[in-house]
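This report refers to the structure that appears directly beneath it.
Residue numbers count from 1 along this sequence.
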Amino acid sequence: MDKQLEPIITLRKNGQLEEANQLMVALLKGNPENGYYQFQCAWTYDSLGKEKEAVPHYEKAIALGLEPDVLVDAYLGLGSTYRTLGQYEQAKQTLEQAMHEFPEAEHVKVFYSMTLYNLGEHSKSMETLLNTLVRTTSHQGIIDYKKAIHFYSDKLDQIWS
């Protein structure tokens, strides 16, 4: 890990969010083209509930390029932040991009299902969430009913007579 980030991340983990944000903003001023620093700055703003301030940093981090394990989190952070700001279409597009690039990232699909819900796409939202559940759970009851849950995931409005 970058030695300059260690105290910032420690502060964030310890709940000292304002201090972490102030240090991150100062560090970023000297390194504005560092995508990872942009991502960390966005995260500090998000941690403070300052979603509007986080967005441009997520966007720049993604544009500058990130390692895959960080990029997926940047997409998730940006998509989730767009969603909390009521920018549902932008959230949907961002999370779809993440799912396209990282199809194994099941956690992204959960946030995608929340976005679909906000867009009124309730059936697709539930289908996504239920299928994610059956792919990722270790709970025995879910495993026992996996086939039925998957079968019904896209038939929630169907009535059998």
Side-chain angles (χ1 to χ4, degrees), residues 1-2 5-6 8-10 12-13 15 17 20-21 24 28 31 33-156:
M1 178 190 300
D2 185 316
L5 285 175
E6 285 181 17
I8 296 168
I9 292 171
T10 299
R12 190 177 65 223
K13 286 180 180 177
L17 304 177
N21 179 255
M24 192 65 243
L28 187 60
N31 302 280
E33 298 304 307
N34 183 315
Y36 190 64
Y37 286 5
Q38 290 286 348
F39 168 70
Q40 288 295 330
C41 189
W43 193 347
T44 64
Y45 277 120
D46 254 352
S47 297
L48 286 167
K50 296 181 177 182
E51 286 81 3
K52 287 181 184 176
E53 289 88 345
V55 168
H57 295 287
Y58 280 128
E59 291 172 338
K60 188 161 185 178
I62 292 167
L64 288 170
L66 298 164
E67 294 293 319
D69 60 325
V70 178
L71 180 58
V72 67
D73 289 337
Y75 278 133
L76 177 60
L78 180 58
S80 176
T81 299
Y82 280 148
R83 190 189 74 76
T84 63
L85 292 171
Q87 298 172 346
Y88 303 131
E89 285 297 336
Q90 289 169 292
K92 182 179 179 182
Q93 290 171 5
T94 302
L95 295 169
E96 285 175 342
Q97 181 66 34
M99 292 185 311
H100 174 74
E101 291 186 37
F102 304 98
E104 73 288 350
E106 298 293 342
H107 56 300
V108 173
K109 295 169 188 163
V110 174
F111 286 85
Y112 180 66
S113 71
M114 287 187 261
T115 301
L116 293 174
Y117 172 85
N118 292 126
L119 287 166
E121 298 179 38
H122 302 124
S123 294
K124 182 69 175 166
S125 172
M126 283 297 295
E127 178 183 353
T128 301
L129 192 57
L130 290 171
N131 284 319
T132 300
L133 174 68
V134 298
R135 280 192 305 273
T136 61
T137 192
S138 60
H139 186 276
Q140 191 57 50
I142 302 295
I143 293 169
D144 291 346
Y145 287 93
K146 180 179 182 174
K147 284 176 68 174
I149 294 167
H150 178 72
F151 175 78
Y152 290 120
S153 69
D154 64 350
K155 298 169 187 64
L156 295 173

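Minimum heavy-atom separation, Arg12 to Thr44: NH1-CG2, 4.1 Å. The minimum heavy-atom distance between Val72 and Asp69, with the atom names listed, is CG1-O, 3.4 Å. The shortest non-hydrogen separation linking Ala74 to Tyr58 is O-CD2, 3.8 Å. The shortest non-hydrogen separation linking Thr115 to Lys92 is CG2-N, 3.7 Å. Shortest non-hydrogen contact noted between Tyr75 and Ala98 is CB-CB, 3.5 Å. Contact record, Ala61 with Gly35: CB-O, 3.3 Å, taken as the closest heavy-atom pair.
Side-chain atoms of Thr84 come within 3.5 Å of backbone atoms of Thr81 as a donor-acceptor pair (strictly under, hydrogens ignored). Using a distance-only test at 3.5 Å, with no hydrogens or angles considered, no donor-acceptor pair links the side chain of Ser125 to the main chain of Glu121. A donor-acceptor contact shorter than 3.5 Å is absent between the side chain of Lys109 and the backbone of Glu104. Panel note: side chain Asn21, backbone Leu17; no donor-acceptor pair is recorded below 3.5 Å.
Comment: Lys60 engages Glu33 in a salt bridge, judged by a side-chain N to carboxylate O separation of less than 4.0 angstrom.
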Would you sort out whether Asn31 and Gln38 count as a side-chain contact (heavy atoms from CB on, under 4.5 Å), showing the intermediate values?
CA-CA 9 Å; Asn31 302 280; Gln38 290 286 348; over 6 Å; no
Given side-chain contact (heavy atoms from CB on, under 4.5 Å), test Asn118 with Arg83 step by step and report yes or no.
CA-CA 8 Å; Asn118 292 126; Arg83 190 189 74 76; 2.8 Å; yes
Check step by step if side-chain contact (heavy atoms from CB on, under 4.5 Å) holds for Phe102 and Val108.
CA-CA 9 Å; Phe102 304 98; Val108 173; over 6 Å; no
Could you go through the side-chain contact (heavy atoms from CB on, under 4.5 Å) check for Tyr37 and Leu5 one step at a time?
CA-CA 8 Å; Tyr37 286 5; Leu5 285 175; 3.8 Å; yes
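Going from atom CG of Asp154 over to atom OG1 of Thr128 covers 10.5 Å, rounded to the nearest 0.5 Å. Atom CD of residue Gln97 and atom CD of residue Glu101 lie 4.5 Å apart, to the nearest 0.5 angstrom. To the nearest 0.5 angstrom, Asp46 atom CG is 9.5 Å from Phe39 atom CZ. A distance of 7.5 Å separates CD of Gln90 from CD of Glu59, quoted to the nearest 0.5 Å. Note that OH of Tyr112 is 4.5 Å distant from CG of Leu116, once rounded to the nearest 0.5 Å. Note: Glu89 CD to Thr94 OG1 = 11.0 Å, rounded to the nearest 0.5 Å.
For an aromatic pair to be called close, the ring centres must be under 6.0 Å apart, and Tyr117 with His122 satisfies this.
A parallel orientation is assigned to the rings of His57 and Tyr45, their planes being inclined by less than 30° (bins at 30° and 60°).
Side-chain contact between His107 and Leu76 is present, with heavy atoms from C-beta onward closer than 4.5 Å. Using a 4.5 Å cut-off on side-chain heavy atoms (C-beta onward), Lys13 and Ile9 make contact.
Residue Gln140 qualifies as enclosed at atom CD: its count of foreign heavy atoms under 6.0 Å is above 12.
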